[in-house]
K.L.:
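First the structure, then my questions, so here it is.
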Amino acid sequence: MNELTILSTLAVVHFVALMSPGPDFALVVQNATRYGRQTGLYIALGLSFGILLHSLLSLTGVSYLVHQQPTLFALLQFAGGSYLAYLGYGALKATVNTLRQPVSEQQNTESAHLLLSNKRQAFSRGFATNILNPKALVFFVSLMSSLVPASMSLTGKGIALVILWSLSLGWFSFLAWALSTSRMQRRIKALAVYIDGLCGVLFSVVGLSILWQSLSKLLF
């Protein structure tokens with residue numbers, strides 16, 4: 001395959017993966033619906049830079065070396081699983097507290113959260129969620145090793161990085177924008193607590209499954 005075909009295939013595969021429900025997708029949905037557009041966009045920016053770093057590490061072979069070291073990869077899995085489980089616990093706890101509070105107290109709590117959710121926190125949450133997800137590491141190692149040949153030019157590899165980053169930023173930013181329009185906010189306001197709960201379950205299930213895999217490798 002020539003480089004144009006390789007880059008086109010890479011873009012299509014990556015975009016399909018972006019649209020698949022997972023921790024990144026859930027994080028944007030949860031934060032954009034509850035905290036608004038600015039928070040959602042900075043979450044998207046953090047996720048896209050996490051994807052850029054994963055892509056760079058995969059292209060340079062660093063991620064492959066990590067994946068080939070069972071103990072090191074298990075420790076990465078443990079860290080990533082713990083973080084996702086922590087996000088899940090926080091979302092589920094917030095859901096329970098919201099359901100128990102009167103409407104007036106819920107509004108006050110939401111206002112406090114909005115004040116606390118600054119740009120740096122949103123970016124950091126997005127970046128950490130992606131970069132600590134060991135499944136993302138495995139995905140990019142597989143993607144790069146199967147589609148990007150070692151003989152590909154530096155220009156081609158640079159374009160590949162730009163494509164992966166720009167598609168990620170574009171998709172997650174669109175998702176954050178679409179979920180934070182005035183019309184959409186009015187429609188989903190009553191469902192925000194249930195979206196939190198659903199995202200909490202997703203984070204918890206993925207995080208705990210990754211934790212189990214890592215502990216199995218470390219202990220057995």
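Numbers here are sequence positions counted from 1. Because the structure is a prediction, the values reported are computed rather than measured.
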K.L.:
Determine whether M19 and I195 fall in the same hydrophobic cluster, where Ile, Leu, Val, Met, Phe, Trp and Tyr are linked whenever their side-chain heavy atoms lie under 4.5 Å apart.
P.N.:
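M19 clusters together with I195.
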
K.L.:
Can you tell if the side chain of S82 reaches within under 4.5 Å of the side chain of L211, non-hydrogen atoms only?
P.N.:
yes

K.L.:
Which pair of non-hydrogen atoms, one from T33 and one from Q30, has the smallest distance, and what is that distance?
P.N.:
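Nearest heavy atoms, T33 then Q30: OG1-O, 3.1 Å.
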
K.L.:
So if you build clusters from Ile, Leu, Val, Met, Phe, Trp, Tyr with side-chain heavy-atom gaps below 4.5 Å, do F174 and Y42 land together?
P.N.:
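As far as the 4.5 Å side-chain criterion goes, Y42 and F174 are connected within one cluster.
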
K.L.:
For the pair T181 and R37, evaluate side-chain contact (heavy atoms from CB on, under 4.5 Å) and give the outcome as yes or no after the intermediate values.
P.N.:
CA-CA 8 Å; T181 59; R37 181 167 298 170; 3.5 Å; yes

K.L.:
Do L57 and F140 have side chains that get closer than 4.5 Å, going by heavy atoms?
P.N.:
no

K.L.:
Look only at the side chain of S209 and the backbone of V206, and say whether a donor-acceptor pair between them is shorter than 3.5 Å.
P.N.:
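Side chain of S209 to backbone of V206, a donor-acceptor pair under 3.5 Å: yes, one is there.
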
K.L.:
Between V28 and L198, is there shared hydrophobic-cluster membership here, with clusters defined by ILVMFWY side-chain heavy atoms closer than 4.5 Å?
P.N.:
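Different hydrophobic clusters.
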
K.L.:
Does the pair T129 and R125 meet the rule for a side-chain contact (heavy atoms from CB on, under 4.5 Å), with working shown?
P.N.:
CA-CA 6 Å; T129 299; R125 177 67 56 92; 4.1 Å; yes

K.L.:
Using only heavy-atom distances, determine whether the side chains of H14 and S168 contain a donor-acceptor pair under 3.5 Å.
P.N.:
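Their side chains do contain a donor-acceptor pair, which is all the 3.5 Å distance test asks for.
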
K.L.:
At what distance, to the nearest 0.5 angstrom, does CG of L202 lie from CZ of F25?
P.N.:
10.0 Å

K.L.:
Is any side-chain heavy atom of C199 closer than 4.5 Å to one of L27?
P.N.:
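L27 vs C199: side chains apart.
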
K.L.:
Is there a side-chain contact between P149 and I6 (heavy atoms, below 4.5 Å)?
P.N.:
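A side-chain contact exists here, since the closest heavy-atom pair is under 4.5 Å.
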
K.L.:
Which atom pair, heavy atoms only, marks the closest approach of G80 to P134?
P.N.:
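Closest heavy-atom pair between G80 and P134: CA-CD, 4.2 Å.
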
K.L.:
Between Y86 and Y83, what is the ring plane arrangement, given parallel below 30°, perpendicular above 60°, and tilted in between?
P.N.:
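Ring orientation, 0 to 90° scale: tilted.
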
K.L.:
Could you state whether V162 and V148 fall into the same hydrophobic cluster, counting links through intermediate Ile, Leu, Val, Met, Phe, Trp or Tyr residues with side-chain heavy atoms under 4.5 angstrom apart?
P.N.:
no

K.L.:
Say you draw a straight line from CE of M144 to CG of L56; how long is it, rounded to the nearest 0.5 Å?
P.N.:
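Going from CE on M144 over to CG on L56, the span is 9.0 Å.
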
K.L.:
For residues F203 and Y89, determine if any side-chain heavy atom of one lies less than 4.5 Å from a side-chain heavy atom of the other.
P.N.:
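The answer is no; the side chains never approach within 4.5 Å.
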
K.L.:
Could you walk me through whether T95 and Y194 pass side-chain contact (heavy atoms from CB on, under 4.5 Å), step by step?
P.N.:
CA-CA 7 Å; T95 300; Y194 302 105; over 6 Å; no

K.L.:
Is the shortest side-chain heavy-atom distance between L7 and I163 below 4.5 Å?
P.N.:
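Touching, per the 4.5 Å side-chain cut-off.
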
K.L.:
What pair of heavy atoms forms the shortest contact from L84 to P23, and how long is it?
P.N.:
CD2-CB, 4.0 Å

K.L.:
With F123, which of I43, L47, L45 fulfils side-chain contact (heavy atoms from CB on, under 4.5 Å)?
P.N.:
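Per the side-chain contact (heavy atoms from CB on, under 4.5 Å) rule, the option paired with F123 is L45, out of I43, L47, L45.
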
K.L.:
Going from CG on L143 to CG on L59, what distance comes out if it is rounded to the nearest 0.5 angstrom?
P.N.:
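L143 atom CG to L59 atom CG measures 9.0 Å (nearest 0.5 Å).
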
K.L.:
With rounding to the nearest 0.5 angstrom, report the CZ to OG distance, F15 to S20.
P.N.:
10.5 Å

K.L.:
Between I51 and I131, is any pair of side-chain heavy atoms under 4.5 Å apart?
P.N.:
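Result no, sub-4.5 Å side-chain heavy-atom pair not found.
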
K.L.:
About how many Å separate CG of L215 and CG of L208, when rounded to the nearest 0.5 Å?
P.N.:
10.5 Å

K.L.:
Which value, rounded to the nearest 0.5 Å, describes the distance between Y64 atom OH and S58 atom OG?
P.N.:
12.5 Å

K.L.:
A side-chain contact here means heavy atoms from C-beta on lying under 4.5 Å apart; do K93 and N97 qualify?
P.N.:
yes

K.L.:
Using ring-ring contact (aromatic ring centres under 6.0 Å, His included) as the criterion, list what pairs up with F73, not counting sequence neighbours.
P.N.:
H67

K.L.:
Would you say L41 and L179 are hydrophobically clustered, going by side-chain heavy atoms of ILVMFWY under 4.5 Å?
P.N.:
no

K.L.:
Identify the heavy atoms of S180 and G36 that sit nearest to each other, and give their distance.
P.N.:
CB-C, 4.0 Å

K.L.:
If you compare all heavy atoms of L92 against all heavy atoms of S204, which two are closest, and at what distance to 0.1 Å?
P.N.:
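Closest heavy-atom pair between L92 and S204: CD1-OG, 3.7 Å.
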
K.L.:
At their closest point, which heavy atom of M152 faces which heavy atom of E3, and how far apart are they?
P.N.:
CG-OE2, 3.6 Å

